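Everything below concerns the one structure shown next.
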Amino acid sequence: MEKLQGLRGMVDLLPDQITLWQKIEETARRHFKQAAISEIRTPLLEATELFSRGVGESTDVVSKEMYSFLDKGERNCTLRPEGTASVVRAAIQHGLISQGPQRLWYSGPMFRYERPQAGRQRQFHQIGVEFLGFVEPRSDIEAIQLAWDLLKDTQVKNLTLELNSLGDSSDRKMYRQTLIKWLEGHSQQLDEDSQHRLKTNPLRILDSKHPSTKALLQEAPILKNSLSRESLERFEKVQIGLDELGIPYTVNPFLVRGLDYYSHTAFEITTTELGAQATICGGGRYDDLIKQLGGPSTPAIGWAIGMERLALLIAQFAEKKTHREQKIYVVNRGESAESFALMVTRNLRLKENIVEIDLSGASFSKQLKRADRSGARWAIIIGDSEVQQGKVILKDLRSGLEKIAKEERINLDTLLKRFV
RNA sequence: GCGGGCGUCGCCAAGUGGUUAAGGCAGCGGCUUGUGGCGCCGCUAUUCGGGGGUUCGAAUCCCCUCGCUCGCCCCA
């Protein structure tokens, strides 16, 4: 028989990695709760149109990275490649937006058909926040602050916040023309990708990593010069707000982000510790998206953190702890002892203890060895003679071999009183 | 979609053309028919990702294929 394998880019999270993930999730939940943000859960599967209209037809995500298929009713479906479009769709569909501003968070798997590499999988996980119905620059500041503090709280080091303003749609339209015009004059010096993008998505050329293109762009007209007075003032307010909160950032005029819906503030939180995939949080304002998806014209801002990347980063700093947990391991052997042990186990669990029972029937020596390796703090030993006396042996596994006397025979009542 | 690296037991790995494919960890059994961290003994790959070829003979050479991995592109 041939061995079955998971699909490429679909990774399993094994038990010893889960603790780390749970820690991240707990930290995030705590921050969201304190910031009065509500959770929202939307389906993994959506109509393809949601993303082609929302994220943008010409983006890489939509044009080449979606898991799309026809279902049995001939509907065009897509596994969500990102979270914002779904959240916005749900908010429109259920009239959330007309009930006033919404502060929402989500977490879950996203799907993008790309070649996997370090920090990039086909199924990956994001934790994200969406503020719907907020115009004020202060909402940008709060959103960024939230992401920054959350990441800091996970003990991650060496983070950089990069910031830019894309202006509103008319700013961008104007800049687009200026940029196209200028680039066309220098098209010979552009790399192949960028030449192609000149026709499809010229703004994306800005954050090209191609060395010669990068050099060329130093001379190119910059986005900032096309921003209206209002857009510029808005961007300044965001920066001042971050200064006041003491959150360090650098303005990166080439930061444009790959999704069409962004406007005004765009930002990324990056690290140098992760190899090529340096962005662990990305986000920005999307004032036109909700209207574009058929909702009332509503300004909004949001961001998403890549769980895999964050987990990878944290794992670098985390040291393995080997201390014993508050677990009780029930060693048992013999006919009457085995059923008695199940009863004891159950009663201890009813008192909210963590209890593992040995089901092997192996020798006491074997079972104790397993108890030790399992990292349990206590062992309870039950043999047939204990059952007859109505007692069990309670042993402190911490005490070590020398203090082998550190065990006691106690009756069940005393035991249950001990472990409340 | 395009490049580079790699694929020997659950994990780490030696072996680079010659009769039986090292070793370590983990696992299992025993020394110890009722007591844990150490030690000792034993067991665990008819087979080297898969297929084809070269050869008297291949894990070792060639071809194809699959997978993993890093990078490009792009993004979280």
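Below, chain A is the first sequence line, B the second, and so on; all start at residue 1. The structure presented is a predicted model; accordingly, all values stated were derived computationally and were not measured.
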Does any donor-acceptor pair link the side chain of A:Gln121 with the base of B:rA76 at a separation under 3.5 Å?
no
What about A:Lys369, does its side chain sit under 3.5 Å from the base of B:rU35 through a donor-acceptor pair?
no
Let's test your reading of the model: under 3.5 Å, does the base of B:rG34 pair with the side chain of A:Ser385 as donor and acceptor?
yes
What does A:Ala304 touch in the nucleic acid at a heavy-atom separation under 4.0 angstrom: a base, only the sugar-phosphate, or nothing?
sugar-phosphate
Taking CZ from A:Arg309 and P from B:rC74, how many angstroms apart are they, rounded to a whole number?
14 Å
Over 60° means perpendicular and under 30° means parallel, so tell me whether A:Phe32 and A:Trp303 are parallel, tilted or perpendicular.
tilted
What contact category does A:Ile127 fall into here, base, sugar-phosphate, or nothing, at under 4.0 angstrom with non-hydrogen atoms?
nothing
When rounded to whole Å, the CG to P distance for the pair A:Asp16 and B:rC25 reads 20 Å
Which base sits across from B:rG34 as a Watson-Crick or G-U pair, both distances under 3.5 Å?
none
A:Arg333 CZ to B:rU32 P, straight-line distance once rounded to whole Å:
15 Å
Remember a base hit wins even if backbone is also touched, and classify A:Thr59 as base, sugar-phosphate or nothing at under 4.0 Å, heavy atoms.
nothing
Whole angstrom value for the distance that separates P of B:rA26 from CZ of A:Arg373
6 Å
Distance check needed: B:rU32 P versus A:Arg370 CZ, whole Å only.
19 Å
Both distances under 3.5 Å, Watson-Crick or G-U wobble: report the partner of B:rC48, or none.
none
Ignoring hydrogens and geometry, is there a side-chain-to-backbone donor-acceptor pair from A:Ser63 to A:Thr59 under 3.5 Å?
yes
Distance, rounded to the nearest Å, where A:Glu114 contributes CD and B:rC70 contributes C1':
15 Å
So what does A:Glu386 touch, heavy atoms closer than 4.0 Å: a base, only the sugar-phosphate, or nothing?
base
NA contact type, A:Arg122, heavy-atom cut-off 4.0 Å: base, sugar-phosphate, or nothing?
nothing
Could you check which nucleotide pairs with B:rC68 in any of the strands shown, counting Watson-Crick or G-U wobble with both distances under 3.5 Å?
B:rG5
So, are A:Lys157 and A:Glu273 salt-bridged, with charged N and O less than 4.0 Å apart?
no
Give A:Glu65 one of three labels, base, sugar-phosphate or nothing, depending on what nucleic acid heavy atoms sit under 4.0 Å from its own.
sugar-phosphate
Base, sugar-phosphate or nothing for A:Gly119? Non-hydrogen atoms, less than 4.0 Å.
base
In Watson-Crick or G-U wobble terms, with both distances under 3.5 Å, the base opposite B:rC28 is B:rG42
A:Leu159 CG to B:rA76 P: how many Å, rounded?
16 Å
Give A:Arg115 one of three labels, base, sugar-phosphate or nothing, depending on what nucleic acid heavy atoms sit under 4.0 Å from its own.
base
With a non-hydrogen cut-off below 4.0 angstrom, is A:Ile381 in contact with a base, only sugar-phosphate, or nothing?
base
Pairwise P distance for B:rU44 and B:rG29, with rounding to whole Å:
15 Å
Short question: side chain of A:Asp358, backbone of A:Val331 - any donor-acceptor pair under 3.5 Å?
no
Sidechain N-carboxylate O distance under 4.0 Å for A:Arg103, A:Glu142:
yes
Is it the case that the side chain of A:Arg80 and the backbone of A:Ser86 share a donor-acceptor pair, with hydrogens and angles ignored and the cut-off at 3.5 Å?
no
Considering only heavy atoms and no angle criterion, is a donor-acceptor pair shorter than 3.5 Å present between the side chain of A:Arg120 and the base of B:rG71?
no
